[in-house]
Amino acid sequence: MNAVLAFEDGAVYRGKSFGAKKTVLGEAVFNTSMMGYQELLTDPSNYMNILVMTFVEIGCYGINNEDSENGRIMASGLVVARDCQVPSNWRSTMSLDEYLKKNGVPGISGVDTRTITRKIRINGSLKACLSTEGISDEEAVKLARSWSGIEGSNFLGQTSCKSPYHFDDSPQNIKPFALGGVHINTKQRTLPLFKCAVIDYGAKKSLLSSLAYSGFDLTVFPAGVSAEEIADFAPKCVFLSSGAGDPAAAPKATETLAKLMQKYPVFGVGLGHLMITRALGANTRKLKFGHHGGNYPVRNLETGKVAITSQNHSFVADADSLEKSGAVVTEVNLSDNTVEGLRHRDLPVFSLQYEPGAAPGVPGSSYPFDVFYDLVAKNS
């Protein structure tokens, strides 16, 4: 039991180490997803998170070359009840253990993730230390307490691209997932294409792929881009990606966004939604333990429809201050009544807190990317 997971409140869990030999700090968050561990590890929204997976065994289908959301693992560490030693899947190229070692990320298994999850639900997300280097319990607790935490932290420099680039929208890159012999996801790419500036707060590959498939020609800009640089690019619209960190800690990005919203149709997702909230002059706050995983029910207040959504965030918009800022709350979480969507009363601006579905579903339904396309077409 040479691996240790220690919390700022003094709680310590010992388990078996796997992955890299390393000591890391981060905020421990539990994730309820039953699969998709590769996507979660590489999601920039999980930067500085120590992921506690609630599903019993992780790593069963290994790691493949297609499903990463980023070129590297963004999470600090991984906590599982049991790590699969012998993965089995025709797409697998390596085990989870090999993948963590390759990326320098430690993991701990053999701990009671049910107890840890319950602890986080009761006490809230906690600063934590995960070490596979054989350090003492006391040293691990001391390190956990020494970390500054996510609240008040700006991670845009770590999660954003470093320079602008054009997103590769070749057919093999934006073709939606499909099963042979099943007639789903067969609609053609929407045309004509609209020139879209993406501000990368920590963009996932799948999100960019879905946006491009829905009729947008994407050029991705770093989070520190100025309003003048976007204006020189002359886009038809602006998309704000998801990402990590405290939106209140990025005032310069908020100032830029406030200028852009006066000129272009804007759609934001995840951190992008929270940045719109701040740019409108409304407030954001940190949740007790965040929303991380699938199966979150969200009601659209304008249609009455309920969707089961996938989420990954620790901060939310304040509903009362949004109403005073000229925004309309369009969607709410049925579990805790937090804000999940908004639109501006006068400007062509809207956003979602949750991750929009990447593929078409029931014919005749409206999807966020299609709504954005229609909004841009109307304002072009």
Side-chain angles (χ1 to χ4, degrees), residues 18-20 22 24-55 58-80 83-84 87 89 91-108 130 150 155-162 165 167-168 173-174 176-177 198 200-212 218 220 222-223 241-245 269-272 290-294 310-314 354-358:
F18 70 109
K22 195 172 183 180
V24 297
L25 304 177
E27 182 170 274
V29 299
F30 65 86
N31 194 292
T32 59
S33 299
M34 296 176 68
M35 59 189 72
Y37 50 82
Q38 181 175 344
E39 291 90 335
L40 289 171
L41 286 167
T42 55
D43 183 352
S45 296
N46 279 321
Y47 182 74
M48 294 309 297
N49 282 346
I50 295 176
L51 294 180
V52 180
M53 303 301 295
T54 60
F55 190 64
I58 300 296
C60 301
Y61 53 86
I63 299 293
N64 63 66
N65 295 323
E66 291 81 38
D67 291 347
S68 293
E69 296 287 6
N70 190 275
R72 63 187 175 95
I73 292 180
M74 302 299 289
S76 293
L78 182 63
V79 182
V80 300
D83 64 303
C84 180
N89 188 277
R91 300 171 71 221
S92 177
T93 58
M94 69 180 77
S95 69
L96 176 59
D97 177 52
E98 292 171 321
Y99 188 54
L100 292 177
K101 285 176 179 172
K102 181 181 177 181
N103 284 269
V105 175
I108 180 173
L130 170 57
I150 287 180
F155 295 146
L156 298 183
Q158 290 75 38
T159 57
S160 176
C161 62
K162 305 305 179 187
Y165 68 92
F167 181 72
D168 178 10
N173 197 36
I174 64 170
F177 178 77
V198 175
D200 178 13
Y201 299 138
K204 300 197 304 182
K205 183 185 73 174
S206 62
L207 198 59
L208 297 178
S209 179
S210 299
L211 190 62
L218 310 179
V220 184
S241 82
S242 51
V269 169
L271 183 61
H291 298 160
H292 306 279
S310 175
Q311 306 197 14
N312 192 18
H313 61 97
S314 297
Y354 58 87
E355 300 286 347

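Everything quoted here is computed from the prediction, not taken from an experiment.
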Polar contact flag, side-chain donor to acceptor under 3.5 angstrom, Asn64-Asn89: no
Non-hydrogen side-chain atoms of Asn49 and Ile150 separated by less than 4.5 Å: yes
Side chain proximity check, Asn312 to Ser242, heavy atoms < 4.5 angstrom: no
To the nearest 0.5 Å, what is the distance between [atom1] on [X] and [atom2] on [Y]?
X: Ile73; Y: Leu78; atom1: CD1; atom2: CG; result: 8.5 Å
X: Lys204; Y: Glu355; atom1: NZ; atom2: CD; result: 3.5 Å
X: Ser68; Y: Leu41; atom1: OG; atom2: CG; result: 9.0 Å
X: Thr42; Y: Asn103; atom1: OG1; atom2: CG; result: 9.0 Å
X: Gln38; Y: Asp43; atom1: CD; atom2: CG; result: 12.5 Å
X: Ser45; Y: His313; atom1: OG; atom2: NE2; result: 10.0 Å

Minimum heavy-atom distance [X]-[Y], with the two atoms named:
X: Ser241; Y: Ala203; answer: OG-N, 3.4 Å
X: Ser76; Y: Ile50; answer: CB-CG1, 4.1 Å
X: Tyr61; Y: Gly36; answer: OH-N, 2.7 Å
X: Pro44; Y: Asn70; answer: CG-ND2, 3.8 Å
X: Pro106; Y: Leu130; answer: O-CD2, 3.7 Å
X: Ser160; Y: Pro222; answer: OG-CA, 3.3 Å

Distance flag, aromatic centroids of Tyr99 and Phe18, threshold under 6.0 Å: no
Check: Asn173 main-chain N/O paired with Ser209 side-chain donor or acceptor under 3.5 Å: yes
Exam field: side chain Thr159 to backbone Tyr201, donor-acceptor pair closer than 3.5 Å: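 Such a contact is found between Thr159 side chain and Tyr201 backbone.
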Trace of the side-chain contact (heavy atoms from CB on, under 4.5 Å) decision for Ser314 with Glu27: CA-CA 10 Å; Ser314 297; Glu27 182 170 274; 3.8 Å; yes
Check against side-chain contact (heavy atoms from CB on, under 4.5 Å), Tyr37 and Leu96: CA-CA 9 Å; Tyr37 50 82; Leu96 176 59; 4.2 Å; yes
Worked verdict on Glu69 versus Ser206 for side-chain contact (heavy atoms from CB on, under 4.5 Å): CA-CA 7 Å; Glu69 296 287 6; Ser206 62; 2.8 Å; yes
Other residues, nucleotides, ligands: >12 heavy atoms within 6.0 Å of Lys22 NZ: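 No, not enclosed.
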Candidate pair Ser95 and Asp97, rule side chain to side chain donor-acceptor pair (under 3.5 Å), full reasoning: CA-CA 5 Å; Ser95 69; Asp97 177 52; 4.9 Å; no
Test log, rule side-chain contact (heavy atoms from CB on, under 4.5 Å), inputs Phe30 and Val79: CA-CA 9 Å; Phe30 65 86; Val79 182; over 6 Å; no
Sole candidate of Met74, Met53, His292 that passes side-chain contact (heavy atoms from CB on, under 4.5 Å) when paired with Leu40: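 Of the listed residues Met74, Met53, His292, the side-chain contact (heavy atoms from CB on, under 4.5 Å) partner of Leu40 is Met53.
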